[in-house]
Amino acid sequence: MEEKLSSVAKTFTPSPIQELSDLAQRCNAINLAEGFPDFPAPPCIKQAAVSAINNDFNQYRHVQGICDQLALKMNKMHGLNIDPLTDIAICCGQTEAFAATVFSIIDKGDEVLLFDPCYETYEGCIAMAGGIPVYVPLDPPRWTLDPEKLMSSFTSRTKAVVLNSPHNPTGKVFSREELEVIAECCRRWDCVAITDEVYEYITFDDQKHETIASLPGMQERTIITSSLSKTFSITGWRIGWAIAPASAASAIRNIHVKITDSAPAPFQEAALTALSSPTKYFETLRIEYQLKRDFCMKLLSSVGFRIQFKPQGSFFLFAELPKDCLLSDVEYVKELIKQAGVVVVPGRGFFHGKSDLDQHSDENCRHQKRYIRVAFCKSDATLSAAAQKFGELMNTRGSPKLYC
Amino acid sequence: MSTASTQRDTVSTHDGTLQITQQPVQVAKRLEKFKTTIFTQMSMLAIKHGAINLGQGFPNFDGPDFVKEAAIQAIKDGKNQYARGYGVPDFNNALAARFKKDTGLVIDPEKEVTVTSGCTEAIAATMLGLINPGDEVILFAPFYDSYEATLSMAGAKIKCITLRPPDFAVPIDELKSAILKNTRAILINTPHNPTGKMFTSEELNTIASLCIENDVLVFMDEVYDKLAFEMDHISMASLPGMYERTVTMNSLGKTFSLTGWKIGWAIAPPHLTWGVRQAHSFLTFATSTPMQWAATVALRAPDSYFEELKRDYMAKKAILVQGLKDVGFKVFPSSGTYFVVVDHTPFGLENDIAFCEYLIKEVGVVAIPTSVFYLNPEDGKNLVRFTFCKDEETLRSAVERMKEKLKKK
């Protein structure tokens with residue numbers, strides 16, 4: 001009865017990340033693949049949720065206080081003036097905020113630009129809404145944005161650009177110059193920027209997260225999506241939001257109501273506590289993740305990786321396989337599970353086919369099968385255990401034995 | 001908060017100056033069907049006038065302690081990260097076990113159960129995963145307002161069959177001429193919101209044979225299945241030949257008075273589940289983890305829980321129905337759900353919306369105008385919906401207010 005599936009559903013394939021997680025689980029592997037923490041959520045936020053449940057905040061609700069706090073934060077962090085009564089939609093995670101956003105502005109045939117490599121979910125959402133994803137490759141090894149490639153991707157049918165920064169899988173934080181290039185294109189082509197800023201509080205060294213909405217002429221054409229999940233290590237609570245000009249926010253809210261009706265009520269209450277966390281919380285978050293980043297980089301270097309791009313944000317490291325490793329990303333990942341009991345994600349799932357812009361397509365596309373993504377949102381114990389496993393991969397001559 | 005679009009045509013620029021600008025974010029064409037819901041509008045009016053809210057369908061009492069405690073324990077035990085996309089394994093198992101208990105059907109929790117953020121999302125995922133643009137889908141009016149919206153998101157062509165008072169029986173001849181070879185699916189809500197009708201065995205069997213004959217899918221919204229008072233609830237999936245073409249949807253919220261937790265599910269054979277799961281993965285990706293653990297405990301509640309639930313609701317229903325009759329409404333029989341639909345015309349107001357506004361402002365009670373539940377609002381103009389998912393004192397107070405202030409013309 002496969003013909004009963006909608007044509008859109010038929011084009012979808014199961015998540016490669018999920019499949020490898022299953023293999024890893026069967027082998028009891030250390031999971032550096034999936035992007036969620038294995039350390040506990042902050043106690044006071046958990047307590048806030050517990051109190052909410054006990055105090056009967058368990059029926060459908062919309063907690064306006066979340067909007068008030070988000071408006072304050074956006075003003076403090078980015079200088080934006082957001083009206084908490086009209087400009088914000090609370091959703092079940094950034095996932096739903098993004099889905100509702102896409103459904104609110106994408107009509108059949110609209111083109112949506114995405115930067116490649118890219119988180120796998122955006123495309124599916126765009127396709128469901130009848131939109132056409134168009135990929136603009138970022139250039140390895142540092143994932144820089146080539147303005148020419150971006151500008152030549154715009155057509156009269158381009159409706160929106162999706163911008164995920166800090167970026168999954170590369171850990172790139174789009175620079176001010178790059179944001180200006182994208183902004184200029186949006187203004188010139190009268191397009192919307194849809195952002196995914198879930199890693200907004202996880203940046204390293206001197207890097208600061210800037211939202212494209214704060215650039216001239218951009219607030220009225222930007223829809224920001226984000227969530228509590230990564231900032232507060234509660235990926236399972238499903239509290240996210242979209243911030244947009246009033247008419248778009250209203251549309252997003254109305255769609256959200258028809259998709260899920262309301263975000264989980266007790267966690268909306270707990271969000272109030274989370275969002276009023278002191279500055280120290282966010283500083284500690286950055287510092288701790290930076291230490292984990294550094295640890296991971298050392299870890300990979302010790303088994304022959306040469307990290308050409310140090311993550312500037314997010315909790316992912318996107319590393320090219322060592323030159324003398326002849327395995328593909330998938331083969332490497334499988335071997336790593338079997339030989340070292342550690343699982344990471346093969347990079348190919350984040351790339352989306354040949355770019356029409358590349359004259360040497362085949363050559364350049366080979367890199368798409370040469371990356372692995374390592375998640376370092378894991379406890380020190382997990383990372384140390386992974387380090388030990390990696391250590392065992394070295395043979396007596398001090399060379400990695402994984403692929404010899 | 002008004003529903004009028006606030007066309008913001010001035011914006012603060014980076015240097016603080018105001019700039020008149022065109023509104024660049026144009027919303028998609030599909031949004032014609034999407035407005036702020038009637039529930040929100042009425043609730044806000046209710047707050048403004050201090051009215052007793054018998055409109056919006058959620059309880060003013062809370063869920064059982066044993067379920068709340070399970071959620072709290074899950075949070076404390078650290079179950080706060082992404083659940084498996086289609087459901088926490090233990091919860092899927094509990095759902096399969098419950099489904100077997102309720103319908104006698106044995107299903108594979110790994111391949112045939114998908115957990116969603118409420119039944120609302122199960123409906124959205126089913127539509128988006130299984131309906132192609134242009135497909136014909138049959139709906140029974142009056143219908144829950146998300147059906148039309150999500151069908152339009154999926155680009156479906158809606159064919160509507162209207163259920164009419166007094167008993168809202170399915171018009172069989174109309175049904176037979178509606179279900180044809182090019183019908184893709186039919187959506188059925190039983191027990192039915194807003195009328196409280198429960199589809200009879202005869203009606204379901206007739207629909208079933210037409211669906212088999214014409215190879216039509218059936219989407220069943222059964223969220224009120226535990227609030228079946230006047231007859232037994234029948235799951236379409238349990239009828240011969242129907243499981244393979246049915247998506248059965250349900251949720252925790254109504255049965256356990258925890259409507260804000262957003263735990264729902266869709267049960268369907270693997271070839272249909274796959275489509276539902278695909279759409280679900282792009283709509284919300286995963287469902288609230290601690291609540292799934294708590295729901296696992298909830299589903300294993302003893303029979304006494306469900307019996308007491310029914311008894312409580314039947315007592316509440318008796319208070320409301322008698323009260324509404326005493327006030328002078330024409331009350332239609334409701335076999336299930338916690339809703340009852342009445343004819344308001346004895347009170348001389350022009351239509352259902354006018355009546356509901358009058359009821360809020362002059363009497364201090366909220367009901368929902370049912371015209372929003374019809375494709376053609378005219379079909380609902382004589383009817384309004386009351387809910388009895390409120391504590392008994394609230395119900396009595398509402399009845400008193402209506403007896404005092406609502407006079408027949």
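No experiment lies behind these values; they were computed from the predicted model shown. For the numbers below, each heavy atom of this structure counts, side chains included, while hydrogens, waters and symmetry mates do not.
Side-chain contact between B:F285 and A:E96: absent, with no pair of heavy atoms (C-beta onward) separated by less than 4.5 Å. In this structure, the side chains of A:K258 and B:T120 stay at 4.5 Å or more apart for every pair of heavy atoms. Looking at heavy atoms from C-beta onward, A:F103 lies in side-chain contact with B:L128 at the 4.5 angstrom threshold. For the pair B:I75 and A:F267, the minimum side-chain heavy-atom distance is below 4.5 Å. Residues B:W261 and A:I53 are in side-chain contact: their nearest non-hydrogen atoms beyond the backbone lie under 4.5 Å apart. In this structure, the side chains of A:P266 and B:M291 come closer than 4.5 Å at one or more pairs of heavy atoms.
Contact annotation for B:P59: both backbone and side-chain heavy atoms come within less than 4.5 Å of a heavy atom of chain A. Of the two parts of A:N54, the backbone and the side chain both hold a non-hydrogen atom closer than 4.5 Å to a non-hydrogen atom of chain B. Looking at A:A129, the atoms closer than 4.5 Å to chain B (heavy atoms on both sides) sit in the backbone and in the side chain alike. Contact annotation for B:Y147: neither backbone nor side-chain heavy atoms come within less than 4.5 Å of a heavy atom of chain A. With a 4.5 angstrom heavy-atom cutoff, B:D145 touches chain A via backbone and side-chain atoms both. Only the backbone of A:I106 comes within less than 4.5 Å of a heavy atom of chain B; no side-chain atom from C-beta onward does. B:S281 touches chain A through its backbone: at least one of N, CA, C or O sits under 4.5 Å from a heavy atom, while the side chain does not.
Note that the CD1 atom of A:I255 and the OG atom of B:S146 stand 13.0 Å from one another [nearest 0.5 Å].
Using modelled atom types, one side-chain atom of A:R238 and one backbone atom of B:A286 make a donor-acceptor pair closer than 3.5 Å. Under the 3.5 Å distance criterion, the side-chain polar atoms of B:K262 are left unmatched by any main-chain donor or acceptor of A:S262.
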Check: For B:T259 and A:Q59, what are the C-alpha separation, side-chain angles and deciding distance, and is it a side chain to side chain donor-acceptor pair (under 3.5 Å)?
Finding: CA-CA 5 Å; B:T259 59; A:Q59 311 308 325; 2.8 Å; yes
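For the residue pair B:Q81/A:T235, the side-chain donor-acceptor check at 3.5 Å is satisfied.
Every residue meeting the salt bridge (Lys or Arg N to Asp or Glu O under 4.0 Å) condition with B:E110, not counting sequence neighbours, appears here in chain and number order: B:R84.
Counting heavy-atom pairs under 4.5 Å between each of B:D62, B:I263, B:N60, B:L283 and chain A puts B:D62 at the top.
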Please tabulate, for the side chains in residues 40-48 of chain A, all donor-acceptor contacts under 3.5 angstrom to protein atoms that are two or more places apart in sequence or on a different chain.
none

